[in-house]
Amino acid sequence: MKIEIKASSLAALAATSLFSLSLVGCKSEAEKQGGSTGTTSGTASGGGSAPSGVGRPAPTGTGNVQSGDTIKLGMIASLTGDQKPWGDDSLAGAKIAVEEVNSAGGVNGKKIELKIEDSASKPESAKTAAEKLLGEGVLAIIGEVSSGNTEQIARAAFERGVPVVAVGATKTTLTDIGAHVFRVCYIDDFQGAVMARFAFEERGKKNMAIITDKKQPYSQGLSENFKSYYTKLGGQIVAEVSYQTGETQFQNLLTELKNKNPDGIFMSGYFPEVGPLAAQARAAGITAEFYGGDGWDSSQILQSGGEAIIGSFMCNHYNNKEDRPEIAAFLEKFKAQSGGREPGTTMAALGYDAAKVALEALKRTTELNSVNLMKEIENTENLSGVTGTITLKGKNGNPPKRALVVEIRPLNEGFQVFRKAYEYFESK
Amino acid sequence: MIDVTSLLVAGIEFGSLPQQLLNGILIGGVYALIALGYTMVYGVLRLINFAHGEVYMLGAYTALFVSWIIYGRAQDPVTVVWYALPLMLLSAMTVCALIGIVLERFAYRPMRNQPRIASLITAIGLSLLLQYGGQLFLPVSPAPNISGKVNPYRDNLTFYLTQPAPSLVRAADALKPEMDKAKAALDEQLKLEKDEFNLSDTGLALRKEFFERQSAYNKAQGEAQSSAISITLPKGQLIMFTVTLILMAILRHIVLFTKSGRAMRAVSHDFDSAALMGINVNKIVTLTFVLGSALAGAGAMMSATFISGVKIDTFFGLLPGVKAFVAAVLGGIGNIPGAVLGGILMGVAESLVVWAGYDQYKDAVAFLILIVVLLFKPSGLLGSNKVEKV
């Protein structure tokens, strides 16, 4: 008997290859979930720090209750993977805050125990990490830096009723997930508007292009926010292209951009891709100036971006060179802890502030459980953090904060050189 | 009624088509190199070596480590030495060949007489093991990146297919003196100002004037540029493509004109009969893995070196690997010229999707092609419908 071997074996091949692709695809699927709220980022409900009584959904669970000799707090950070620079820094910052409290005797005579989990820079691992911490009975979770990871943590904590204090997750709609989500950073509504104003007003850029990482909820939201404010100012978006986290070659995207002659390009992605993007854009003969958000915040961008990224502008939360006592005190502690090294990213200070918000609230609680802690975090008012004054009361989890525009310079000139500060303004 | 053609054509600039075709061919060259490994292994063993993308990834790491040995780990600029690139290429190829031998000997050979699905699962397992296990001992962060340091061929060759329209160039040039004048006035004022980003009213007015002039000039300049059709060819990628062609020629020679090549073709034709004819099939299978893996290593070294800013992590081979696999199927898996054709077509298809304004679907197009090929021509473009006795 004869059969057509090729046809049948290739059918089997198709089945197996799809199988393997679905294995590979796990990652993108989980991230898609994370990104599913990205479509709503333009709606007014995320209006951020506008004080409004319109409540966010209250978490369904009853939360964890303190037990044992220590008070357990959870910390999730990207200790491996692309976002390791942020993970390491945010953890180091949070540890400093915890040590401060413990060396002063703890809360109600009980020491704080920081339970640490790795999110491996991936939303699905962030979710697993959150579930593990929730199971271990933490009263609150501190973390994460990327919005995609934080969304997963927030959703997991929603069912349990445990508060989450995000470190650097700026995506506007993040805090709409529930009344248990708080952050210590500004939101992308504001960040996008700041960069739009800076590029349009201070640099005179009238025609800009946007490059988005469509796999990152942060990048999608920030591009949206930038675009809406920039067009409101009267600027024109001449091209919008997108790529995915993990891609390394952008020549064909850049060819299309070059053809549209933008005089500025807004790259809303994270530094691992922005560096190569900038380098390849210059290699392709694009002379436009580059702009970006706090997703650029790691000196690694200098390594992959090389000459191309120098002279670009990004938005950030604070600057080590600022003259404020909180910053000096924090830097001193950080250096003592890490052998004289200054924090490489602003996530160290934000990690410290996030932990401090949780710890200060803990000190005010009458009973040691998640529900009470959540109430007290919501009551945070005028807490003087390293990155600025933080008020969460009546702000739907989004503290109004200022933003700095910095220029990327070589390491020996200080990497991020302060250019202009923007106090909080309504971007709607 | 809506005119469908005009909708499709809207937003398409034909001026960038030559450049995009070139981009596609350059990217496709790398896909082709990787696809050769898939197709050769499938040819002799009827096995899809899903760990091939990870061999590629390890090739990039080898290039990185060798560059560290030559130049040191710092990202500082270095004096380029002539033997660096050839040495990196050769070591990446050698190490990948060794990895290929090890994979074949210890992972695939014990599975050879098991049902074919067992080998496939082994391959997928190996792929995941190397991707995630590799994170334990390979540097992932701070981002290893060598292209900016070791690549001395960073500039471009630009060819004008048509010249910019003279009237537009004149219009742009006419705007330049005014812009320069405004710039000079602003610079003069900036010397008096304390902070460039908090200007006095005079400064603001001068800056506004300059921005308007600059904007007008940029616009005119851009229009003049766009009226020309030109292609930009990075020198590094030209070298990359040339080396790719040379390697393919060597492979062709080995397969067609050497004794081992003939044996390889015989094994591919009929594994059991070849063994009966006195061919040492184990040796030939090993040789196949050596050749395929060495080509992947060469592709990886060149991608890591000549493409600006590319960072290396343990998922470096994931996307290229998947795309090269599709390329191999597209060309007709088991068929060597087919893999090259498939690779180039994949690269071009990707570029054309971006050119047509559907950049969101750049990666989806690979899988669309895979589905279409499997539905309508499962044997691929150059594959033949062989029959097998059961």
Under 4.5 Å, counting heavy-atom pairs only, tell me which of Ala278(A), Pro272(A), Gly285(A) racks up the most with chain B.
Pro272(A)
Sort Asp155(B) into side chain, backbone, both or neither according to what part of it lies under 4.5 angstrom from a heavy atom of chain A.
neither
Using non-hydrogen atoms and a 4.5 Å limit, figure out which bit of Glu212(B) sits close to chain A: side chain, backbone, both or neither.
neither
Charged N to carboxylate O below 4.0 Å: is that the case for Lys323(B) and Asp363(B)?
yes
Non-hydrogen atoms of chain B under 4.5 Å away: do they reach the side chain of Glu307(A), the backbone, both or neither?
neither
Under 4.0 Å between a side-chain nitrogen and a carboxylate oxygen: does that hold for Glu201(A) and Lys206(A)?
no
Trp296(A)-Phe290(A) aromatic ring centre distance below 6.0 Å
no
What part of Thr232(B) lies closer than 4.5 angstrom to a heavy atom of chain A: side chain, backbone, both or neither?
side chain
Asp359(B) portion near chain A, given a 4.5 angstrom heavy-atom threshold:
both
Relative to chain B, which segment of Asn261(A) carries a heavy atom at a distance below 4.5 Å: side chain, backbone, both, or neither?
side chain
Report yes if some heavy atom in the side chain of Thr212(A) is under 4.5 Å from a heavy atom in the side chain of Ser219(A); otherwise report no.
yes
Given the ring of Tyr243(A), does Lys362(B) sit roughly above its face, with NZ or CZ under 6.0 Å from the centre of the six-membered ring and within 45° of the axis?
no
Taking the six-membered ring of Tyr422(A) as reference, does the NZ or CZ atom of Lys420(A) fall below 6.0 Å from its centre and within a 45° cone about the axis?
yes
